[in-house]
Number of protein chains: 2
Amino acid sequence: MSRLKQITEAVRDAGSLGVADLASLTGASEMTIRRDLEVLAAQGVLERYRGGARSLLLRGSEPPFALRSDDNTAAKRRIAAAVAALIADGESVVLDSGTTCLEVARLLHDRRLTVMPLSLHAVNALSSSSTLTLLVPGGRPRPGELALTGPLALASLQALRFDTAVIGCCGLSAEHGLTAFDLEDASVKRAAITSARRVIAAVDASKLTRTALAHVVPVSALDAVVTDAEGDDGLTAAGVAVVTA
Amino acid sequence: MSRLKQITEAVRDAGSLGVADLASLTGASEMTIRRDLEVLAAQGVLERYRGGARSLLLRGSEPPFALRSDDNTAAKRRIAAAVAALIADGESVVLDSGTTCLEVARLLHDRRLTVMPLSLHAVNALSSSSTLTLLVPGGRPRPGELALTGPLALASLQALRFDTAVIGCCGLSAEHGLTAFDLEDASVKRAAITSARRVIAAVDASKLTRTALAHVVPVSALDAVVTDAEGDDGLTAAGVAVVTA
DNA sequence: AGTTTCGAACATCACTGATGTTCAATCACG
DNA sequence: CGTGATTGAACATCAGTGATGTTCGAAACT
């Protein structure tokens, strides 16, 4: 686990912690801890005060992109590979924001497809491809996440029709459907789903036990769920094809 | 001058050249030349054949972004600084693609503004800013240049009104107005100009003696031209404020 | 006023990317 | 079909960059 994440979690669990505590916890020097706190404060994870820092992470909010991106990479890669295998050459694909979908983007780099990613991270991963047609939606990028949101993003999606939408999420259950932490994200996801003929949700196991604030769609709107979990949680019963990566 | 540019120009001037020639010209090993040719071929600058490469650069086309970006940086920085000084805090700005405008973007990073850049390079330069409101237009990024074009870009621009447009170009003269190499770019520039109350053109000296294929607007559509050249070329007579950086 | 904390500046180190060298495989041409 | 030139993969080397630690003067609490 990276030191940044270690600090984030220690501060979150304790509410607030001193620089010296964090230094002895991580084994790094106090100067390094201060530099880390500066980075995390810039990301909005915590707030510094003289001598330490206090957490700003609320329950129900999401840790920032940079800290999630190397979480569980193995599972994400497997899920992404399974998703990529479901996509046929020549298709047009809208690709959601989030770390799992970013892995999907990397796998699509040399494919022959039309892709519209909903986050600038994925746009950057794909912008050097010479084989695929890249479409950028408009919008206001959310800091850190770089997910495109707002009326421009919705308008871009409404103007187009895709063969497939690949959607990530923060929570998924047969009961509560697909949920997201951010309200704006939720409406973008919904617009993406509406614009696509087929909807694939890419969901790692941890999301299947979680429900987030914003409801996006019921599971009946999904055609397939790709996950690394064993349990099914009633998804098949709801008429969704579950693919285990 | 970078070795890549040296190779590009030597091949362009000779039509085609051998690997050994390029190695002795640049002082690098043949292996390095081969790797360079691979890069340049991927950018569409030239075409490789066994033993050498032949140029693909047509007269009237533009060398790729990566080769222009560290050309004349001093002049670009000065122009960019003068442009940034013309923009007041709180304004909304649409920022054209191109290397000069990318320098402007870097200077706007910590300002309090609303900015919509028309190229992904500038988007990336600004996406880490916490002070400004960043808007991304939709569109299809042109390879290399990463300038956003097409109906989505036009729609994004038509949906908004800006205080200021900062426009780069490939050619500018009192007689032929503002011109660009790429037709799609030209319509995006025109849409940006139409959506803005005030139009500033950022133009280095080399552009003032050049005219490109696509006509964008006459000089009368410009409010100010920021340049590093001494000569005026009849711009002032056409009613444009000329700022010499 | 005294003590603690902070951050700028420099030193150090690991790592990445660029370049060169070697050599087996491939290609073009006679 | 053979021969010599050309290519690119693999490894070695080196410089530049980024991360970390140390020091020390300045700033902030008590």
Side-chain angles (χ1 to χ4, degrees), chain A residues 1-11 14-43 45-56 64-67 69-71 73 106 109-110 121 124-125 127-128 130 144, chain B residues 1-8 10-11 14-43 45-56 64-67 69-70 73 106 109-110 121 124-125 127-128 130 144:
Chain A
M1 179 161 52
S2 83
R3 193 181 55 237
L4 286 182
K5 173 163 311 208
Q6 208 179 343
I7 293 173
T8 304
E9 296 185 356
V11 174
S16 71
L17 268 180
V19 171
D21 301 329
L22 290 166
S24 65
L25 173 70
T26 60
S29 73
E30 297 200 354
M31 188 65 231
T32 299
I33 297 296
R34 287 196 193 93
R35 282 190 272 239
D36 288 348
L37 293 181
E38 193 178 5
V39 170
L40 293 171
Q43 290 182 14
V45 173
L46 48 77
E47 186 182 33
R48 298 187 64 183
Y49 59 85
R50 194 170 183 82
R54 99 188 93 250
S55 179
L56 289 175
F65 187 88
L67 295 181
S69 60
D70 22 75
D71 243 11
T73 32
R106 299 203 170 109
H109 187 280
D110 296 316
H121 290 299
N124 288 329
S127 64
S128 64
S130 55
Chain B
M1 180 160 51
S2 83
R3 193 181 55 238
L4 286 182
K5 172 162 314 206
Q6 209 178 342
I7 293 172
T8 303
V11 174
S16 71
L17 269 181
V19 171
D21 302 329
L22 289 166
S24 66
L25 173 70
T26 60
S29 71
E30 297 200 355
M31 188 65 232
T32 299
I33 297 295
R34 287 196 194 93
R35 282 189 273 238
D36 288 347
L37 292 181
E38 193 177 3
V39 169
L40 293 170
Q43 291 181 15
V45 173
L46 47 79
E47 187 182 33
R48 298 188 63 182
Y49 58 86
R50 195 172 182 81
R54 101 186 92 251
S55 180
L56 289 175
F65 187 89
L67 295 181
S69 60
D70 22 79
T73 33
R106 297 203 171 109
H109 186 280
D110 297 315
H121 290 298
N124 288 330
S127 65
S128 64
S130 56

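Residue numbers start from 1 in every chain, and the chains themselves are labelled A, B, ... in the order their sequence lines are given, proteins ahead of strands.
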### Message
When you measure only distances, ignoring hydrogens and angles, does the side chain of Arg34(B) come within 3.5 Å of the base of dT7(D) through a donor and an acceptor?
### Response
no
Leu17(B) atom CG is separated from dT6(D) atom P, nearest whole Å, by 14 Å
Nearest-nucleotide check on DNA chain C, Arg35(A) vs Tyr49(A); residue mapping nearer the 5' end is Tyr49(A)
From CD1 of Ile33(A) across to C1' of dG7(C) the rounded distance in Å is 15 Å
note: Leu22(B), atom CG; dT7(D), atom P; distance rounded to Å ~ 11 Å
Testing dG21(D), dG8(D), dC27(C) for proximity to the side chain of Arg50(B), the answer is dC27(C)
Taken to the nearest whole Å, CE/Met31(A) to P/dT12(C) is 18 Å
Report task. Mark yes or no for whether His121(A), through its side chain, and Gly144(A), through its backbone, hold a donor-acceptor pair below 3.5 Å. Result -> yes
Margin query: So, OP1 or OP2 of dG20(C): does either fall under 4.0 Å of a side-chain N or O from Ser29(B)?
Written below: yes
Atom CZ of Arg48(A) and atom P of dC29(D) are separated, to the nearest Å, by 13 Å
Tightest non-hydrogen contact, residues Ala53(A) and Leu37(A), listed as CB-CD2, 4.0 Å
Rounded to whole Å, the CD-C1' distance (Glu38(B) to dT7(D)) equals 11 Å
Answer yes when Arg34(B) and Glu38(B) have at least one side-chain N-carboxylate O distance shorter than 4.0 Å, and no when they do not.
no
Asp21(B) CG to dT6(D) P, in whole Å, measures 11 Å
* Asked: Does Arg3(B) make a side-chain donor-acceptor contact with the base of dT19(C), cut-off 3.5 Å?
  -> no
Checking Asp21(A), Val19(A), Leu17(A), Leu25(A) against Ile33(A) for side-chain contact (heavy atoms from CB on, under 4.5 Å), the one that qualifies is Val19(A)
Whole-Å distance, Glu30(A) CD to dG21(D) C1', equals 12 Å
